[in-house]
Amino acid sequence: MEIKKAEIKDLNLVVKMKMDMFKEVGSIALLQDNAEEKIYEKYKELYQEGKGCHYLVYENDTVIACGGAVIKEDVPFCFFKTPMYGYIIDVYCIPEKRRKGYSSKIMEELINWLQNNGVHNIKLKPSAAGRHLYDKFGFCDSGEMELWI
């Protein structure tokens, strides 16, 4: 097992893993047309601005897990003394390699990356299957609510 920070040249691998994740959780129908291209371009922009990163876990030169983080500066955080927060995205491991600690290693790297970039608050939207991982790292329910209309 080897973990590497993704570079722009690795974005095709990142996008593939993200699409596999969307398929597995049944969210693929929610995506826009040309979603893969749009995701690639957005991630490229975030990487170039230093506001996004992913870590990839390799086993025998094959990517088996990934996870990412972005730095956001939207309302109301943009008015705070620390005007940004981190958001964990794309944490995914191929089904046959789960429960071996790969996602935990990725989370450690992502949290360190966010801390090193001045972030003091990290958010994420957990899947039911991933909740145990985030609990382990001290994430708690923020009381945030949402409504899909």
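In this text, all values refer to a predicted model and were calculated from it rather than measured experimentally. These values consider heavy atoms only, across backbone and side chains, with no hydrogens, waters or symmetry-generated copies.
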Run the side chain to side chain contact (heavy atoms under 4.5 Å, CB included) test on Gln48 and Ile8 for me, step by step, so that the C-alpha distance in whole Å, both residues' side-chain angles and the decisive distance to 0.1 Å come before the verdict.
CA-CA 8 Å; Gln48 290 170 332; Ile8 289 173; 3.7 Å; yes

Under a 4.5 Å cut-off applied to non-hydrogen side-chain atoms, are [X] and [Y] in contact?
X: Met19; Y: Leu31; result: yes
X: Leu124; Y: Val91; result: no
X: Phe139; Y: Arg131; result: no
X: Phe77; Y: Pro83; result: no
X: Leu13; Y: Met17; result: no
X: Glu59; Y: Lys97; result: yes
X: Tyr47; Y: His54; result: yes
X: Ile3; Y: Leu56; result: no

Start with the C-alpha gap between Lys51 and Glu45, add the side-chain angles, then the distance that decides, and say whether salt bridge (Lys or Arg N to Asp or Glu O under 4.0 Å) holds.
CA-CA 9 Å; Lys51 292 184 178 184; Glu45 176 187 319; over 6 Å; no

I need the minimum non-hydrogen distance between [X] and [Y], along with the two atoms involved.
X: Asn117; Y: Gly50; value: OD1-O, 4.3 Å
X: Cys53; Y: Leu110; value: SG-CD2, 4.0 Å
X: Val14; Y: Ala6; value: CG2-CB, 4.1 Å

Rounded distance (nearest 0.5 Å) linking atom [atom1] of [X] with atom [atom2] of [Y]:
X: Asn12; Y: Tyr40; atom1: CG; atom2: OH; answer: 5.5 Å
X: Met21; Y: Ser127; atom1: CE; atom2: OG; answer: 8.5 Å
X: Asp20; Y: Lys16; atom1: CG; atom2: NZ; answer: 3.5 Å
X: Ile94; Y: Thr62; atom1: CD1; atom2: OG1; answer: 8.0 Å
X: Met107; Y: Asn112; atom1: CE; atom2: CG; answer: 11.0 Å
X: Gln32; Y: Ile39; atom1: CD; atom2: CD1; answer: 9.0 Å

Is it true that the NZ or CZ of Lys72 lies under 6.0 Å from the centre of Tyr87's six-membered ring and within 45 degrees of the ring axis?
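Positive - Lys72 is close enough to the ring of Tyr87 and near enough to its axis.
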
Assigning hydrophobic clusters by single linkage (Ile, Leu, Val, Met, Phe, Trp, Tyr; side-chain heavy-atom cutoff under 4.5 Å), is Ile122 placed with Phe80?
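Linked, Ile122 and Phe80 end up in one cluster.
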
When you group the ILVMFWY residues by side-chain heavy-atom contacts below 4.5 Å and let the links chain together, are Val25 and Ile64 in the same group?
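No; Val25 is not reachable from Ile64 via cluster members.
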
Do [X] and [Y] have a side chain donor and acceptor closer than 3.5 Å?
X: Gln115; Y: Trp113; value: no
X: Ser104; Y: Lys136; value: yes
X: Tyr92; Y: Glu24; value: yes
X: Tyr55; Y: Lys105; value: no

Could you go through Ile88 and Leu114, starting from their C-alpha distance and side-chain angles, then the distance that decides it, and tell me whether this counts as side chain to side chain contact (heavy atoms under 4.5 Å, CB included)?
CA-CA 10 Å; Ile88 302 290; Leu114 288 165; 4.0 Å; yes

Is the number of heavy atoms from other residues, nucleotides or ligands under 6.0 Å of [X] [atom1] greater than 12?
X: Lys123; atom1: NZ; result: yes
X: Glu49; atom1: CD; result: yes
X: Glu36; atom1: CD; result: no

Less than 6.0 Å separating the ring centroids of Phe137 and Tyr134?
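Judged by ring-centre distance (under 6.0 Å), Phe137 and Tyr134 do not meet the cut-off.
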
Any donor-acceptor pair under 3.5 Å linking the side chain of Ser27 with the backbone of Leu30?
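Looks like no, no N/O pair under 3.5 Å.
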
Counting only N and O atoms by type, is there a donor-acceptor contact under 3.5 Å from the side chain of Thr82 to the main-chain atoms of Met84?
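Not at all, since once roles are kept as given, no pair shorter than 3.5 Å links the two residues.
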
Check against ring-ring contact (aromatic ring centres under 6.0 Å, His included), His120 and Tyr85:
CA-CA 7 Å; His120 300 291; Tyr85 63 96; over 10 Å; no

Do the side chains of Lys38 and Glu41 get close enough for a salt bridge, i.e. N-O under 4.0 angstrom?
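Glu41 and Lys38: not salt-bridged.
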
Lys125 and Glu146 ion-paired at < 4.0 Å
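The answer is yes: the pair qualifies as a salt bridge.
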
Start with the C-alpha gap between Val57 and Met1, add the side-chain angles, then the distance that decides, and say whether side chain to side chain contact (heavy atoms under 4.5 Å, CB included) holds.
CA-CA 7 Å; Val57 175; Met1 188 274 297; 3.5 Å; yes

